[in-house]
Visitor: 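A single structure is presented below for examination.
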Amino acid sequence: AVQGLQAAPLFNGMWGIVVTEKNENDRWGVQLLDHSEGSWETDESKQVGGRVLAVKDANIQLQGRDSPHWTVEALGSSVFEAICTDPNLCHLDRCDELAQEVWNIFFETVPAAPLTLDDRYEMRKTLLEAKGHKIYWLALDAVQHHLMIEKCRGRYRVFQTNVKDEGPLGGYTAEEWCSLDGLPGRKVHQVYGGGLTVGDTEINQLLDLIVQLQNMPKVLLSDLLRNVPGVDQSSVHLLAKDPTALSKSDVEKGSEALQLASKWSHTVIQKVPLFGITTLNFLDDPVVIVQGNQKLFEIPQKRYSRVRDLYQGLTGQASLTPVVFVKMVNQGFWWENRRDPRDGGATGYGVRGADLGVRQSYEQGVEDAKILRERVKSFYTEPKT
């Protein structure tokens, strides 16, 4: 915590994280985690959280714990502290497993709502304007990634992992993501990792990356579906359109193409443990992706690079696993309107949200999820014009 500042007493008592070593003036760089007490929702106070102060030793009280504002009563610590210290969490490198394990601490898992973030819908506004201590689980299955966003006092934290592999910019565990120096050279970690908190601007930038990834299957439409057996190539353009705006016959044609593509991609994914999926040379144009002796995709270099850059911007991964393109075929089309037949939840891109100040029963969670689906129904069936 910051203490004893004479020139800026507003910051005294605020909690922060040391983000830079002492400079030539013998001062540490301390990023403030959240806003000032009391009127933290005022415009003036909203400029406080995230500010980096140059602080002397005498003005730092070392605590070794997180800001009390982020502490969850049911947990006895913050989510950040739990991920850093719980051996069942800190060593995880699968992003879906981390999200599931954290969720299991507080809530039963209930069906996801569609993650509709573009300007036609109100979902983004709902997330950004939510009050209280919230956590959101973003399931980005159409690009094989999950992450969590925690919100408290107008600030946000992001938690994610990626499967460990070889190379200087390979995967990382939850512990490495939460460490300030665990992932050098990765811009996404420098902004969102290490327990740092960010404001609306940075979260909007992250959500914008997701929206761009959501739109990539439309850009890659013919590249993704060209080699899918049985698909009428004259009807694939329908999958780039809003199905609620199509005629009944066009919906039927699009649905037939979608079913064939989903079945084919599911078979490809099932064969991964035996045959893998290989990018022959990502510098070629087009980039060729194969499974065994079967050619899956030929993707123009410019489009391939665009997906790679977006994925790296979101996850920090320098290399792009070719499975992402198969997942796009499987769940990346018409995802706003598709539902998992097992529980009615959204597929492709889904979100679960919960209040960390409330410990729900399974029954209450199901009821809350039902209410949430009704609330967001208009977001994806009646877009704004």
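No hydrogens, no waters, no symmetry mates; every other heavy atom, side chains included, goes into these values.
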Visitor: Would you check if V72 and I105 make a side-chain contact, meaning some heavy-atom pair closer than 4.5 Å?
Guide: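 With C-beta onward as the side chain, the pair stays apart.
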Visitor: Find out if a path of hydrophobic residues (ILVMFWY) with successive side-chain heavy-atom gaps under 4.5 Å connects V288 to V228.
Guide: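 No, it is not one cluster - the side chains of V288 and V228 are not joined through contacts under 4.5 Å.
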Visitor: Look only at the side chain of W137 and the backbone of D96, and say whether a donor-acceptor pair between them is shorter than 3.5 Å.
Guide: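 Not a single qualifying donor-acceptor pair exists.
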Visitor: Please round to the nearest 0.5 Å and tell me the distance separating atom OG1 of T126 and atom CG of L117.
Guide: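 So the OG1 of T126 and the CG of L117 are separated by 10.5 Å.
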Visitor: Any side-chain heavy atom of L98 within less than 4.5 Å of one from M148?
Guide: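 Sidechains of M148 and L98: in contact.
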Visitor: Of F325, Y311, F297, which is the lone residue that meets ring-ring contact (aromatic ring centres under 6.0 Å, His included) with Y304?
Guide: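 Only match with Y304 under ring-ring contact (aromatic ring centres under 6.0 Å, His included): F325.
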Visitor: Indicate the atoms forming the closest heavy-atom contact of R339 with P114, along with that distance.
Guide: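 Between these two residues, the closest heavy atoms are NH2-CG, 3.6 Å.
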Visitor: Would you say that S255 contacts W334 through its side chain, given a criterion of any heavy-atom pair below 4.5 Å between the two side chains?
Guide: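 In contact.
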Visitor: Honestly curious: do L280 and L296 fall in one hydrophobic cluster under the side-chain, below-4.5 Å linking rule?
Guide: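 Different clusters.
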Visitor: For the residue pair R306 and L310, establish whether any side-chain heavy-atom pair is separated by less than 4.5 Å.
Guide: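 Yes, close enough: below the 4.5 Å cut-off.
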Visitor: Mark yes or no for whether Q259, through its side chain, and E256, through its backbone, hold a donor-acceptor pair below 3.5 Å.
Guide: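 Checking the backbone N and O of E256 against the side chain of Q259, no donor-acceptor pair under 3.5 Å is found.
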Visitor: Look up atom CG in L220 and atom CZ in R226, then write down how far apart they are to the nearest 0.5 Å.
Guide: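 If we round to the nearest 0.5 Å, L220:CG and R226:CZ are 10.5 Å apart.
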Visitor: Using the rule side chain to side chain contact (heavy atoms under 4.5 Å, CB included), only one of I83, L147, L183 pairs with W177; which is it?
Guide: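 Answer to the side chain to side chain contact (heavy atoms under 4.5 Å, CB included) test with W177 among I83, L147, L183: L183.
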Visitor: How long is the gap from CG on L140 to CD on Q331, to the nearest 0.5 Å?
Guide: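 Spacing of CG (L140) from CD (Q331) equals 11.0 Å.
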Visitor: I need the minimum non-hydrogen distance between C90 and C84, along with the two atoms involved.
Guide: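 Minimum heavy-atom separation between C90 and C84: CB-O, 3.8 Å.
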Visitor: Between the side chains of R153 and T197, does any donor sit under 3.5 Å from an acceptor?
Guide: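 Judged by distance alone, the side chains do not pair up.
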Visitor: Is there a path of hydrophobic side-chain contacts, each under 4.5 Å between heavy atoms of I, L, V, M, F, W or Y residues, that connects V290 with I269?
Guide: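 As far as the 4.5 Å side-chain criterion goes, I269 and V290 are not connected within one cluster.
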Visitor: Out of K134, H133, R157, which one pairs with E150 under the side chain to side chain donor-acceptor pair (under 3.5 Å) rule?
Guide: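 The passing option is H133.
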Visitor: If I take atom CG from residue L128 and atom CG from residue D200, how far apart are they, to the nearest 0.5 angstrom?
Guide: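 Here the rounded value is 5.5 Å.
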Visitor: Would you compute the distance between atom CG of L320 and atom CD1 of I289 and round it to the nearest 0.5 angstrom?
Guide: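 So the gap between those two atoms works out to 7.5 Å.
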Visitor: Any side-chain heavy atom of Y156 sitting closer than 4.5 Å to one from E202?
Guide: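 SC-SC contact between Y156 and E202 ruled out.
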Visitor: Just by distance, do the side chain of N25 and the backbone of R27 share a donor-acceptor pair under 3.5 Å?
Guide: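 Side chain of N25 to backbone of R27: no pair is present.
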Visitor: Can you see which heavy atom on L239 is nearest to which on A257, and at what distance?
Guide: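 It is CD1-CB, 4.4 Å.
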Visitor: So, the side chain of E176 versus the backbone of T161: is there a donor-acceptor pair under 3.5 Å, distance only?
Guide: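 Not confirmed, E176 side chain does not pair with T161 backbone.
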Visitor: Give a yes-or-no answer on whether the side chains of R186 and Q317 include a donor-acceptor pair shorter than 3.5 Å.
Guide: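 Checked: R186/Q317 side chains pair up, N/O donor to acceptor below 3.5 Å.
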Visitor: Without swapping roles, check the side chain of D285 against the backbone of P300 for a donor-acceptor pair under 3.5 Å.
Guide: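 Checked: no pair found.
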Visitor: Give a yes or no on whether the backbone of L138 and the side-chain of H145 come within a donor-acceptor separation of less than 3.5 Å.
Guide: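 No; zero donor-acceptor contacts below 3.5 Å.
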Visitor: Do P111 and R342 come within less than 4.5 Å of each other through their side chains, counting heavy atoms only?
Guide: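 They are not in contact (no side-chain heavy atoms under 4.5 Å apart), so the answer is no.
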Visitor: Is a side-chain N or O of Q214 found less than 3.5 angstrom from the main chain of L115, in a donor-acceptor match?
Guide: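 Flag set: sc Q214 to bb L115 pair under 3.5 Å.
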Visitor: If you compare all heavy atoms of A82 against all heavy atoms of S77, which two are closest, and at what distance to 0.1 Å?
Guide: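 Taking every non-hydrogen atom into account, N-OG, 4.1 Å.
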Visitor: Side chain of R338, backbone of F333: donor and acceptor closer than 3.5 Å?
Guide: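 Yes, R338 side chain to F333 backbone: donor-acceptor pair under 3.5 Å.
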Visitor: So does K327 have more than 12 non-hydrogen atoms from other groups sitting under 6.0 Å from NZ?
Guide: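 For K327, atom NZ is crowded (more than 12 foreign heavy atoms under 6.0 Å).
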Visitor: Please test D86 against E101 for side-chain contact (heavy atoms from CB on, under 4.5 Å), starting from the C-alpha separation and ending with a verdict.
Guide: CA-CA 11 Å; D86 188 333; E101 290 297 322; over 6 Å; no
Visitor: Looking at R124 and D208, does any basic side-chain N land under 4.0 Å from a carboxylate oxygen?
Guide: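 Looking at R124 and D208, the cut-off is met.
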Visitor: Under a single-linkage definition using a 4.5 Å side-chain heavy-atom cutoff for Ile, Leu, Val, Met, Phe, Trp and Tyr, are V251 and W335 assigned to the same hydrophobic cluster?
Guide: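 Per the 4.5 Å side-chain linkage, V251 and W335 are co-clustered.
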Visitor: Taking atom CD of Q270 as the centre, report whether more than 12 heavy atoms of other residues, nucleotides or ligands fall under 6.0 Å from it.
Guide: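 Enclosed.
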Visitor: Quick one: does V326's side chain get under 4.5 Å of Q144's, heavy atoms only?
Guide: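 No; the side chains remain at least 4.5 Å from each other.
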Visitor: Any donor and acceptor pair, going by atom type alone, linking the side chain of K56 with main-chain N or O of D26 inside 3.5 Å?
Guide: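 Not at all, since once roles are kept as given, no pair shorter than 3.5 Å links the two residues.
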Visitor: For the pair D141 and T347, evaluate side-chain contact (heavy atoms from CB on, under 4.5 Å) and give the outcome as yes or no after the intermediate values.
Guide: CA-CA 7 Å; D141 289 312; T347 64; over 6 Å; no
Visitor: Look up atom CD in Q160 and atom SG in C178, then write down how far apart they are to the nearest 0.5 Å.
Guide: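 It is 10.5 Å, given to the nearest 0.5 Å.
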Visitor: For atom NZ of K263, is the number of surrounding heavy atoms from other residues, nucleotides or ligands below 6.0 Å larger than 12?
Guide: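 Open: at most 12 neighbouring heavy atoms sit under 6.0 Å from NZ of K263.
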Visitor: Given the rule in the side-chain contact (heavy atoms from CB on, under 4.5 Å) test, do L196 and L180 qualify, once you have shown the distances and angles that lead to the verdict?
Guide: CA-CA 8 Å; L196 301 177; L180 277 172; 4.0 Å; yes
Visitor: Indicate if V219 and V211 have the same hydrophobic cluster label, given that clusters are the connected sets of ILVMFWY residues with side-chain heavy-atom separations under 4.5 angstrom.
Guide: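 In one cluster with V219: V211, yes.
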Visitor: Is there a side-chain contact (heavy atoms from CB on, under 4.5 Å) between K151 and I203? Walk through the geometry before answering.
Guide: CA-CA 10 Å; K151 182 178 185 182; I203 282 298; over 6 Å; no
Visitor: Nearest heavy-atom pair of V188 and T315: which atoms, and what distance?
Guide: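 Answer, listing the atom of V188 first, then T315: CG1-C, 3.8 Å.
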Visitor: Donor-acceptor check, side chain of Q294 to backbone of Q291, threshold 3.5 angstrom: yes or no?
Guide: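 Between the backbone of Q291 and the side chain of Q294 there is no qualifying donor-acceptor contact (under 3.5 Å).
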Visitor: So which heavy atom on L238 is nearest to which on G254, and how close?
Guide: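 The pair with the smallest heavy-atom distance is CD1-N, 3.9 Å.
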Visitor: Taking atom types as modelled, find out whether T85 and E81 have a side-chain donor-acceptor pair closer than 3.5 angstrom.
Guide: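 Per modelled atom types, T85 and E81 side chains form no pair under 3.5 Å.
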Visitor: Can you find a pair of side-chain heavy atoms, one from L127 and one from Y136, that are under 4.5 Å apart?
Guide: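 When only atoms from C-beta onward are counted, Y136 and L127 do touch, with a gap below 4.5 Å.
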